[in-house]
Amino acid sequence: MIRVCHMTTVHSATDVRILHKEAASLAAAGYDVTILAPCDESFEYQGVRVLSAMKPGFGRMKRMLFGSWMIYRKARRLDVNIYHIHDPELILCGLWLKRKGKHVIFDAHEDLPLQIMAKHYIPSWLRIPAARWVAWLQHRWLRRYDAVVVATPSIGQSLRQPELPIVLVRNLPLLSEFQPVPEMRSKQDRVCYIGGIFKVRGIIPLMKSLPLAGVRLALAGTYSPPELRDELRRMPEWAYVDELGFLDREEVSNLLPECLAGMVTLLPSPNFLTSLPVKMFEYMASGIPVIASAFPLWKEIISEADCGICVDPHCPEEIATAIQYLMTHPERAGQMGRHGREAVMGRYHWEAEKDALLELYAALTSGATGIKEKEV
């Protein structure tokens with residue numbers, strides 16, 4: 001049996017892409033899979049062993065200074081065939097493992113240089129040089145990896161270089177989490193936002209739209225920075241918010257069908273313009289319309305599927321108008337919800353993505369000289 005270790009110091013031990021999708025799919029295909037991640041206690045999920053790389057709650061600087069060495073020592077002791085790295089700060093750790101003759105894959109969840117441009121904790125004057133330096137380091141170090149898995153085509157294009165296999169594995173919903181919704185399920189007069197709560201993700205214009213539209217917001221997720229919660233609670237529009245905290249997968253799938261629409265009104269940060277937000281596809285999978293930022297890529301997806309409305313994410317009035325349209329046109333809203341679910345069932349789901357991951361692993365373990373790339 002081929003032994004595999006997924007490694008992260010940034011993502012949680014229950015990260016959906018890492019645990020529920022990639023690791024679980026590999027375990028189901030017959031691989032012996034372990035995850036090293038921040039957690040208090042080890043546990044097992046669908047045949048995947050999850051071991052503690054460190055205790056949760058490490059500060060960013062402490063994690064970056066000591067996390068790589070801590071997880072490297074534990075990874076070395078496991079002595080597996082393939083190591084799958086999920087964080088840019090662990091790229092050097094992957095190179096150390098390559099020197100030991102191991103197969104190493106890097107998984108690019110985000111376009112890191114573009115992400116740096118939107119980091120609130122990096123001074124604005126430092127962002128451009130930092131992004132360029134990180135891009136140079138990534139290209140220099142990743143060329144020694146066996147392959148790079150990317151979550152979007154644009155990330156693949158940014159990391160492309162000669163003789164480095166790039167494999168597209170989009171972060172799309174698991175069909176098993178979103179069962180068919182009864183046609184007559186009652187809708188509450190509220191919309192929902194699920195995910196990380198940041199200013200750059202448009203939370204303030206979204207909240208300002210609520211009294212204009214006359215709806216409530218089901219808000220589920222964690223705040224970054226934590227102080228943002230206090231700022232939002234001081235806004236008069238907070239009276240229209242139902243704060244739900246962090247929801248598990250079952251709670252999310254139960255909540256979504258009860259809402260009028262799912263909100264993805266992120267602000268036009270460079271990293272978002274070409275992203276494929278999994279929450280948008282989860283809203284579609286649950287059978288509710290999407291109200292999303294009018295980015296060209298997102299407009300193309302939503303228009304093709306006829307599953308929602310695109311708006312200017314800076315404009316509360318435009319967001320409110322879209323919400324009111326769905327409230328006053330329930331038949332059309334229901335049609336959009338059905339179309340979104342049909343699109344996910346047909347093409348935007350994890351079961352259509354995992355084959356590329358399994359093909360990559362099969363090529364590495366068989367000693368194949370060429371690795372098949374996918375749609376990048």
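Worth saying up front: this structure is predicted, and the values here are computed from it rather than measured.
- Arg216 places a side-chain N or O within 3.5 Å of a backbone atom of Ala239 that can act as its donor or acceptor partner.
- Looking at Lys100 and Asp79, their side chains never come closer than 4.5 Å, going by heavy atoms from C-beta outward.
- Under 4.0 Å is where a charged nitrogen must lie from a carboxylate oxygen, and between Glu44 and Arg49 no such pair does.
- Across Ala53 and Met70, no two heavy atoms sit closer than the pair O-CE, 3.9 Å.
- Between Glu304 and Arg347 there is a salt bridge, with a side-chain nitrogen of the basic residue lying less than 4.0 Å from a carboxylate oxygen of the acidic one.
- For Phe106 and His86, the ring centers sit 6.0 Å or farther from each other.
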CA sep, side-chain torsions, deciding dist, call: Phe281, His349, ring-ring contact (aromatic ring centres under 6.0 Å, His included):
CA-CA 8 Å; Phe281 295 105; His349 57 83; over 10 Å; no
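- Note on Val278 and Ile197: separate hydrophobic clusters, where clusters join Ile, Leu, Val, Met, Phe, Trp and Tyr whose side-chain heavy atoms are under 4.5 Å apart, directly or indirectly.
- Phe272 and Phe295 have their aromatic ring centers separated by at least 6.0 angstrom.
- Counting only distance, with no hydrogens or angles, the side chain of Glu237 and the backbone of Lys208 share no donor-acceptor pair below 3.5 Å.
- At least one side-chain heavy atom of Glu251 sits less than 4.5 Å from a side-chain heavy atom of Asp248.
- Side-chain contact check for Val150 versus Leu159: some heavy-atom pair is nearer than 4.5 Å.
- Under the 4.5 Å side-chain heavy-atom criterion for grouping Ile, Leu, Val, Met, Phe, Trp and Tyr, Leu276 is connected to Met345 within one hydrophobic cluster.
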Stepwise salt bridge (Lys or Arg N to Asp or Glu O under 4.0 Å) test for Arg190 and Asp242
CA-CA 9 Å; Arg190 65 176 179 174; Asp242 299 325; 3.2 Å; yes
Could you walk me through whether Ile71 and Cys93 pass the side-chain contact (heavy atoms from CB on, under 4.5 Å) test, one step at a time?
CA-CA 8 Å; Ile71 198 170; Cys93 185; 4.2 Å; yes
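- Of the N and O atoms on the side chains of Gln335 and Arg338, not one donor lies less than 3.5 Å from an acceptor on the other residue.
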Verdict with reasoning, Thr265 to Val311, per side-chain contact (heavy atoms from CB on, under 4.5 Å):
CA-CA 8 Å; Thr265 51; Val311 298; 3.9 Å; yes
Could you walk me through whether Leu78 and Leu36 pass the side-chain contact (heavy atoms from CB on, under 4.5 Å) test, one step at a time?
CA-CA 10 Å; Leu78 290 175; Leu36 287 174; 4.0 Å; yes
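- Following chains of ILVMFWY side-chain contacts shorter than 4.5 Å, one can reach Leu297 starting from Val290, so the two form part of one hydrophobic cluster.
- Criterion: ILVMFWY side-chain heavy atoms under 4.5 Å apart, direct or through other members. Under it, Trp141 and Ile85 are part of a common hydrophobic cluster.
- A salt bridge links Glu231 with Lys199: the closest approach of a Lys/Arg side-chain nitrogen to an acidic carboxylate oxygen falls below 4.0 angstrom.
- Here the closest heavy-atom approach between residue Thr365 and residue Ile82 is recorded as CG2-CD1, 3.7 Å.
- Taking CZ of Arg229 as the start and CD of Glu243 as the end, the distance is 4.0 Å to the nearest 0.5 Å.
- Linking Ile, Leu, Val, Met, Phe, Trp and Tyr residues whenever their side-chain heavy atoms come within less than 4.5 Å leaves Leu114 and Val200 in two separate clusters.
- Residues Pro205 and Met207 form no side-chain contact, since every pair of their non-hydrogen atoms from C-beta on lies 4.5 Å or further apart.
- Judged purely by atom type and a 3.5 angstrom limit, Asn254 uses its side chain to pair as donor or acceptor with the backbone of Glu250.
- For Ala23 against Val48, the heavy-atom pair with the smallest separation is O-CG2, 3.5 Å.
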Evaluate the side-chain contact (heavy atoms from CB on, under 4.5 Å) criterion for residues Phe178 and Arg341: first the C-alpha distance (whole Å), next the side-chain angles of each, then the deciding distance (0.1 Å), finally the verdict.
CA-CA 9 Å; Phe178 299 92; Arg341 181 168 173 81; 4.1 Å; yes
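- Taking a cutoff of 4.0 Å between a charged side-chain nitrogen and a carboxylate oxygen, Lys98 and Asp146 qualify as a salt bridge.
- Here the CG atom belonging to Leu137 is positioned 10.0 Å from the CG atom belonging to Leu142, to the nearest 0.5 angstrom.
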I would like to know whether His6 and Tyr83 meet side-chain hydrogen bond (donor to acceptor under 3.5 Å, both in side chains); could you show each step before the answer?
CA-CA 6 Å; His6 285 248; Tyr83 291 91; over 6 Å; no
Could you go through His103 and Asn81, starting from their C-alpha distance and side-chain angles, then the distance that decides it, and tell me whether this counts as side-chain hydrogen bond (donor to acceptor under 3.5 Å, both in side chains)?
CA-CA 6 Å; His103 290 301; Asn81 306 94; over 6 Å; no
CA sep, side-chain torsions, deciding dist, call: Lys21, Asn171, side-chain hydrogen bond (donor to acceptor under 3.5 Å, both in side chains)
CA-CA 8 Å; Lys21 296 175 183 175; Asn171 191 28; 2.9 Å; yes
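- Panel note: side chain Ser303, backbone Glu300; no donor-acceptor pair is recorded below 3.5 Å.
- The closest donor-acceptor contact from the side chain of Asp87 to the backbone of Glu89 lies at 3.5 Å or more, if one exists at all.
- Between Tyr361 and Tyr31, the ring-plane angle classifies as perpendicular under the 30° and 60° cut-offs.
- Shown here for Val169 and Ala356, the closest heavy-atom pair between the two residues is CG2-CB, 4.2 Å.
- Atom-to-atom distance recorded for Asp189:CG and Ile323:CD1 is 11.0 Å, nearest 0.5 angstrom.
- Between Leu266 and Pro313 the shortest side-chain heavy-atom distance does not fall below 4.5 Å.
- A donor-acceptor pair under 3.5 Å is absent between the side-chain atoms of Lys279 and the main chain of Gly195, judged by distance alone.
- A donor-acceptor pair under 3.5 Å links the side-chain atoms of His139 to the main chain of Ser158, judged by distance alone.
- At distances below 3.5 Å, not a single donor-acceptor pair connects side-chain atoms of Trp298 with backbone N or O atoms of Val264.
- Of all heavy-atom pairs spanning Thr9 and Gly67, the tightest one is CG2-O, 4.0 Å.
- Ile128 contributes atom CD1, which lies 12.0 Å from atom CD1 of Ile116 (distance to the nearest 0.5 angstrom).
- Taking CG from Leu95 and CZ from Arg140, the interatomic distance works out to 10.5 Å, rounded to the nearest 0.5 Å.
- Contact record, Lys74 with Ser52: NZ-O, 2.9 Å, taken as the closest heavy-atom pair.
- Distance alone, capped at 3.5 Å, is enough to place a donor-acceptor pair between the His339 side chain and the Asp306 backbone.
- Separating the CG atom in Asp355 from the CH2 atom in Trp350 is a distance of 10.0 Å, to the nearest 0.5 Å.
- Residues Pro162 and Leu164 are not in side-chain contact: their nearest non-hydrogen atoms beyond the backbone lie 4.5 Å or more apart.
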Could you walk me through whether Trp96 and Ser68 pass side-chain hydrogen bond (donor to acceptor under 3.5 Å, both in side chains), step by step?
CA-CA 11 Å; Trp96 300 338; Ser68 292; over 6 Å; no
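- Salt-bridge check for Asp107 with Arg17: passed, with a basic side-chain N closer than 4.0 Å to an acidic carboxylate O.
- Judged by distance alone, the side chain of Lys299 and the main-chain N or O of Ala294 form no donor-acceptor pair under 3.5 Å.
- Looking only at side-chain heavy atoms (C-beta outward), Ser269 and Asn271 come within less than 4.5 Å of each other.
- With contacts defined as side-chain heavy-atom distances shorter than 4.5 Å, the pair Tyr348/Glu353 does not qualify.
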